Amino acid sequence: MIYEVIDFEAEKEALPHYHIALFSSSPEPRCTWIPNVLKEVDIDRVIVLGFENQRADPIRRQSDIYFSTQWGAEIQVVAYNDDTPLYEYLKGTGGYNSSPIHILVDYSCMSRIWYAAVLNWARHTPVPSNIVVDFLYAVGEHKNNISPVVIRDILSIPGCEGNPIPFSKSIGVFGLGFDNFATLCVLDRLEPDVVYTYLANPAAFDDYPERARKLNEVIREEYSSVNLELPLWSVERTYVSLTELISPHRSEADIVLVPMGPKPHVLAAILLSMRFPGITCLDVSGSRPTPERVGTTKRMVGTRVLFRKDNTKRGTRHLE
Amino acid sequence: MSISRAKYRRNLFELDNAKNLSRDQLIKTFVPIPQFWRLLSSKNHVILGARGSGKTALAKMLSHDHLSQFPDSCAQEAIKAKSYIGMYIPTSVEWVGALKNKPWQTEKQAEEFFQWRLNVASCLAYLVSLRSCLNTYISDKRVRAETEASISEALGESWSDGAKNFETISQLQIYLEDVEYDKQNQLTRKRVNGKLAKGEKVVGSAFENPLFVPLRRGITIATRMLELPDDCAWLLCLDETENLAALHHRILNSYLRSQTQNLFFKITTMPYFHEELRTNIGPPLNVDHDFEYVYIDQDATIPLGKRERVVYSFASDLFLKRASESPLEYQDLTLDRLLGGSKLLERKGAKWEAGSHEMTLLRKYASKKTIDRAEAQLGKGDAFTATVSRKLHGVLLLRDAVANTTGNRKLEVYSGAKMCVRCGDGNPRRLIRIFNRMLQESLAEAPEQESKLAVPVPPAAQTMILRNFSSTTLSSVQSEEGIGRELHALLKQLGEYMRHRLHELPLTTDQVFSIETDENTPDDKWKLVKSAVAIGTLFPNVSASNPDQMPDRVGTFRLAWVLAPYFLLFPRRGRHVKLGTVLERAEPLKEEVSGPLRLFFPEEEEENG
C-alpha cells in the first residue's frame, strides 16, 4: 500500500544507505549526471538498465563505459516495454532483514514500464519490511523545434490498468509537454467525455510554460474544461492536486490518465493510478528520427514513496 | 496551482463523438444513414469507416437500450416484435491497453486472457441490454422485479460458480467490474512473486470457459424468462476493433466461422484494418458468406450528382438536431443563417459573356486551348455550362482570390455553409468540430447583450477557421502510430503537387485532385495510402456496383477536402493522376515541424486539357 508521497532535496539531505539503486544508460547525456552527484552515497547493489535498441548510439556507448568504469556495473539490456528482468533483480532485495528497505531509482532516462515495476514490486512483495523508494530526476533542457514524435504504441502501464469497462462517462486527464501532435492523436483515439489538462509551471526554464501553452492551445482551448498548472519540482503537490481533480468523479466515471509531459508529472500519474482503484494510466511511447539529446540543467527533483506493510491506509500526508 | 477555464460553456457541439454523448443525447441527435437499416438484420457485418465517420453512433444505436428509445417506426417495430436485441462493447484503447501490456505472455496465455476479458465484457454489455428488455417488455413493476431477481439468481449461479447470490442486475454489474479489477491485480501479484499466495483462488474462473459461453448462458436464461421468440437475433456490436491485434481477430473469426447460431456480430473498424481473415480452425473467413462489409464514409449507391445534396442534408440535420438540444442561443439557428452562401460553390450571378468578369479571369488564368474552347462554346447554354463554366467557375475565383491576397487583404473564399460541409468530408466528427468553431466565433462576434444570440460569421473569419482546422488536421498526422512521418510527407507531396498545378500553371477544365494507384505502386506507398484512407485523409472512389469493397491496390483516391483550405485547393474529386507521377516530380521533403507553404516543383509544361 502506498502510504506516503513526499518531496525531498537529495542534494541537501543526508541520504540513507540504499540496498539497491537502479540507473539507466541512454543516448541522453543527462543519464550520468545523478550517478555522478551520488558517487559518495552508500549503495549495496547497482543495476544499470539500457534500452535494447539504442546500443550503437555514441552517447549511449560513452554512458555504458561510464557505468562500467565508475560503478563497475554491467549494462542490463532490456526492452522498453518489458518489466520481467526488474522483478528478477528486485527478488534478492527481499532478503534484507532491515526495515525499511531503501531503493534508489534515477528515472530521468528510464522507460516508465521499468520504474512502474519497482512500484509494483513494492506494492505486492510479501516481504514484511516497510519499503522506501527514492525517485530522482535530472531536470532536462529541451531544445526548440524538436521533430514531432511518432506514436509507437499505447498501452496501460502494468499495475495501472484501472477498470476500463467504459459504459459510463469517461474522463481523460492529459499531462501536457512539447509533443502536442501526439497528444491530439491520443485524444482522437480515446475520445473522452470530459478532458482535463495539466502542464508544468514553474518548469525547468521560465519560458517553458508558455511554450507548452502555445503548443497545446487546441486541446486546452477547444477540448479541456479545466487546465491546471502544477510545479515540475513537486511530485507530492502534483499527486495531491490530481487526486483532488479526479476525486469527485471516482464513483461515476472511467478515469484515464495520459501523462505526456515531464517525468515527475508522469510519476505522479502512475502513483495516483496505483493508489486508487479504477484509474487507468496509459503509456504513449514514440520515436523521433534522431533521439533528442536532453542535457541536464544540473537540478534535481526528489520524490520519496513509502510503502507500509501494516495495512495503514494513507495516500499522502496532505490527504489525511 | 493555477486554473484556467475554457472560454465557452459546454454544449452539444463540443461533444464530437458518439461516445461522448449520453444515451438520451445520442438518441435525440442521431441522424440515421441508409446503411444503418442494413445493419438491423440477422447477418454478420463488418462496418468500415474512417476515424470520426460515425461507426460508434451506429453500433451504440443498435443496442437495445438505445434502439428501444429511438422514435422511428422501423426501430419501434423491431423492438415490439422482439426481433433484435443489440449489445454494445467498445474495445477501446484503454481496454486493449491492458491486453497489450503483457509482452511476457505466451501466445496461448494471451489468447486465453483475451477470451477471459471478452467474456466478462460481453456479460456486462448483456446486462445493460437485459435491463432495457425488462423495462420494455414487462410493464408491471412487481412482475418486473421478480423476473429480474430470478434472472439475476440464475446468472449469478453460473457466473460465480455458485459462490455468490444476486438479486439485482446492479449487483451483477458490480460483481463483474470487481472481477475484472481483481484479475488484473492478481496477475501483477503473480508476476512479482512468481506464484499465487498459498490458498489463493484464481479470480473469475467461470469466465475461463470458451469464448461467449457465459454470454450464451445469459441469452438462454433471458430467452426462457422473457419468453423471447426463437428467431430473436442477438446482435453483438464490437466497436473500435482496429485496436485489436491479429491474434484477437483470429479468435473472433473462428467464432464467426463456426457457431454464431442466433448471435450475430456487428464489428466496427477502420478501412483496411480488417485484413486478418484467418481463423484458428482451418479455413479463413469467407467475405459475403460469413460476413458482409458495410462501408459508411460515402454511399456510392447514391448517384454522384445527388451525393452532395444528400451529404448537405445530413450535415444540416446534424446541425439542427444538435442546435435544438443545445443552449438557448443556438435555437432556431440554421447552417445557412450562420454561414451564408459559398462564393466558390454557388454560381449565382455568374455572367459568362464577352467582357464579363468571369471571361476576364478566364483569359487571365486559363491555357490558350481552354480559352479557345470556351470562346467556341460561349452562348451555347447547357453545353457551355457542362464543359466550361461548371468546371471553371469556382476554380477561377479561387485562383484570383489567392493571387490577390497580399498584406492586409484577407482570404475569404473558404466560407459559406456548403463550403464548410464539404470541408468536413461528410464526416460527422469533422463537421461537428467545424460547426463548434464557427459557433464559438459567432458568439465572440455577437454584441454584448443580456441574451446572447449567435450572429452570422464573416467570410474572412470562416476562412481562417477552416484553414486552421485544415492545418491542424494535417499536422497531427505526423504523430500517427507507426507511419506518421511518412504519411505526413506523402500528403504534403500530394497537396503541394495539386496546389502547384492549380495556382501556378495555366488552368484547364480538368484539375487534378485525386490520385491513382496500380499494381506497380510500391508496397510502402500502398501501405501509406491505406493508412490515409483509414484516418480519412484520402477517400477511395468506390463504385456503385460494389459500394462496400475497398480498392485492393488498384484504385483512385481523392484527397480529403478537409485539407483543401491548407493547400488552397478546390474541394472537388477532379481528375486523377498516377501516384508515381506525383512522387517522381516532387523533390524530397525536408524535415519540418510547421511553416508556410513552400514550392516543391520545378516549372512544368501545361498538360493538355
Side-chain angles (χ1 to χ4, degrees), chain A residues 79 81-84 87 113 120-121 124-126 145 147-159 161-167 170 179 181-182 184-186 188-193 201 218 220-230 237 241 254 256 277-278 280 282-283 286 289, chain B residues 1-7 10 14-17 19-20 22 51-52 56 88 90 92-98 100-104 120-121 124-125 128 176-177 180-181 184-185 188-189 191-194 197 243 433 436-437 440 472 475-485 488 591 593:
Chain A
N81 61 348
D82 189 9
D83 54 7
T84 311
Y87 295 127
I113 307 292
N120 275 326
W121 178 84
H124 295 297
T125 180
N145 294 327
S147 55
V149 74
V150 178
I151 294 173
R152 179 172 46 194
D153 212 352
I154 305 174
L155 46 83
S156 308
I157 292 173
E161 288 87 355
N163 213 356
I165 305 170
F167 294 116
S170 67
D179 286 316
F181 297 135
L184 285 176
C185 277
V186 178
D188 221 20
R189 290 182 60 179
L190 275 184
E191 306 155 355
D193 296 335
N201 185 21
V218 173
R220 279 167 54 89
E221 294 295 319
E222 293 184 23
Y223 296 94
S224 176
S225 13
V226 174
N227 297 310
L228 297 180
E229 301 198 353
L230 303 168
R237 221 170 127 193
S241 299
D254 296 313
V256 184
T280 305
L282 293 180
D283 174 34
Chain B
M1 176 176 72
S2 63
I3 301 177
S4 68
R5 287 194 177 271
K7 272 187 292 185
R10 295 190 77 74
E14 291 184 359
L15 304 174
D16 52 32
N17 189 279
K19 270 177 67 177
N20 300 357
S22 72
R51 206 177 277 164
T56 294
Y88 173 76
S92 56
V93 171
E94 57 269 40
W95 191 82
V96 175
K100 287 178 8 184
N101 71 352
K102 298 170 179 62
W104 42 269
V120 174
L124 267 163
V128 174
L176 291 180
E177 286 172 16
E180 163 84 27
Y181 181 74
Q184 294 283 2
N185 254 336
T188 310
R189 268 201 313 280
R191 292 267 295 144
V192 167
N193 302 316
N243 296 319
R433 285 180 182 178
N436 186 41
R437 290 181 190 208
Q440 286 189 0
T472 306
S475 297
S476 299
V477 170
Q478 294 177 92
S479 289
E480 281 293 339
E481 191 170 331
I483 41 80
R485 194 168 298 117
H488 180 255
E591 184 80 37
V593 180

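These numbers come from a predicted model, not from an experiment. Naming: A, B, ... by sequence-line order, numbering from 1 per chain.
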From CA spacing to verdict: side-chain contact (heavy atoms from CB on, under 4.5 Å), B:Glu94, A:Ile154: CA-CA 8 Å; B:Glu94 57 269 40; A:Ile154 305 174; over 6 Å; no
- Item | Working for side-chain contact (heavy atoms from CB on, under 4.5 Å), residues A:Asp83 and B:Arg191 | CA-CA 9 Å; A:Asp83 54 7; B:Arg191 292 267 295 144; 2.2 Å; yes
Open item on the list: With salt bridge (charged side-chain N to carboxylate O under 4.0 Å, His left out) as the criterion, how do A:Glu222 and B:Arg437 come out once you've worked through the C-alpha distance, each side chain's angles and the decisive distance to 0.1 Å?
Closed with: CA-CA 8 Å; A:Glu222 293 184 23; B:Arg437 290 181 190 208; 2.7 Å; yes
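Without hydrogens or angle criteria, B:Asn101 side chain to A:Ser156 main chain gives a donor-acceptor distance under 3.5 Å.
Counting only heavy atoms from C-beta outward, the side chains of B:Asn185 and A:Glu161 never approach each other to under 4.5 Å. Under the 4.5 Å side-chain criterion, counting only non-hydrogen atoms from C-beta, B:Asn193 is in contact with A:Pro126.
The distance from the NZ atom of B:Lys102 to the OG1 atom of A:Thr84 is 12.0 Å, given to the nearest 0.5 Å. To the nearest 0.5 angstrom, B:Arg433 atom CZ is 4.5 Å from A:Asp188 atom CG. Residue A:Asp283 holds its CG atom at 10.5 Å from NZ of B:Lys100, rounded to the nearest 0.5 Å.
Using a 4.5 Å cut-off between heavy atoms, A:Asp153 contacts chain B through both its backbone and its side chain. Neither the backbone nor the side chain of A:Ile113 comes within contact range of chain B; no heavy atom of the residue lies under 4.5 Å from a heavy atom of that chain. Looking at B:Ser476, the atoms closer than 4.5 Å to chain A (heavy atoms on both sides) sit in the backbone and in the side chain alike. Within the 4.5 angstrom heavy-atom criterion, only side-chain atoms of B:Gln184, from C-beta onward, approach chain A.
When all heavy atoms are compared, the tightest approach of B:Tyr181 to A:Gly278 is CE1-N, 3.8 Å. The minimum heavy-atom distance linking A:Ala182 with B:Ser479 is given by the pair N-OG, 3.2 Å. Heavy atoms only, all atoms of each residue included: A:Val150 and B:Ile483 are closest at CG1-N, 4.2 Å.
Between A:Glu191 and B:Arg51 there is no salt bridge, since no side-chain nitrogen of the basic residue lies less than 4.0 Å from a carboxylate oxygen of the acidic one.
For B:Ser92 and A:Arg189, the side-chain atoms include no donor-acceptor pair closer than 3.5 Å.
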